[in-house]
Amino acid sequence: MKGLQARAEEAGEHAATQAALRLRDAARAALPGLSVEAEAGRVVISGRELRRRWLRDAVLRWPGGWLR
């Protein structure tokens with residue numbers, strides 16, 4: 001049973017990493033001028049006037065839509 005659980009955890013980690021990389025690539029294409037980095041299971045978007053762009057641009061409020 002532990003082997004099955006270990007394989008499931010490994011598959012989940014791999015899927016999370018792949019999703020973060022896809023989201024990073026989509027964000028870089030959609031958000032010129034901002035820095036986009038993929039870290040362990042997450043994507044970090046940073047740059048000048050990010051807060052103002054977040055308020056103005058709805059795509060920044062739900063970036064998960066880029067994974068479709």
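Quantities reported herein were computed from a predicted structural model and do not represent experimental measurements.
At most 12 heavy atoms of other shown residues, nucleotides or ligands fall within 6.0 angstrom of atom CD in Glu10. Summarising the local packing, CZ of Arg51 is surrounded by 12 or fewer heavy atoms from other residues, nucleotides or ligands at distances under 6.0 Å.
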Identify all side-chain donor-acceptor contacts of residues 15-27 below 3.5 Å with residues at least two apart in sequence or on another chain.
unit_1: Thr17; atom_1: OG1; unit_2: Glu13; atom_2: O; d: 2.9
unit_1: Arg22; atom_1: NH2; unit_2: Leu67; atom_2: O; d: 3.1

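In this structure, Val36 is a member of the same hydrophobic cluster as Trp54, with clusters built from ILVMFWY side-chain heavy atoms closer than 4.5 Å.
Ile45 and Leu34 make their closest contact through CG2-CD1, 3.9 Å (heavy atoms, listed as atom of the first residue, atom of the second, distance).
For the pair Glu37 and Arg28, the minimum side-chain heavy-atom distance is below 4.5 Å.
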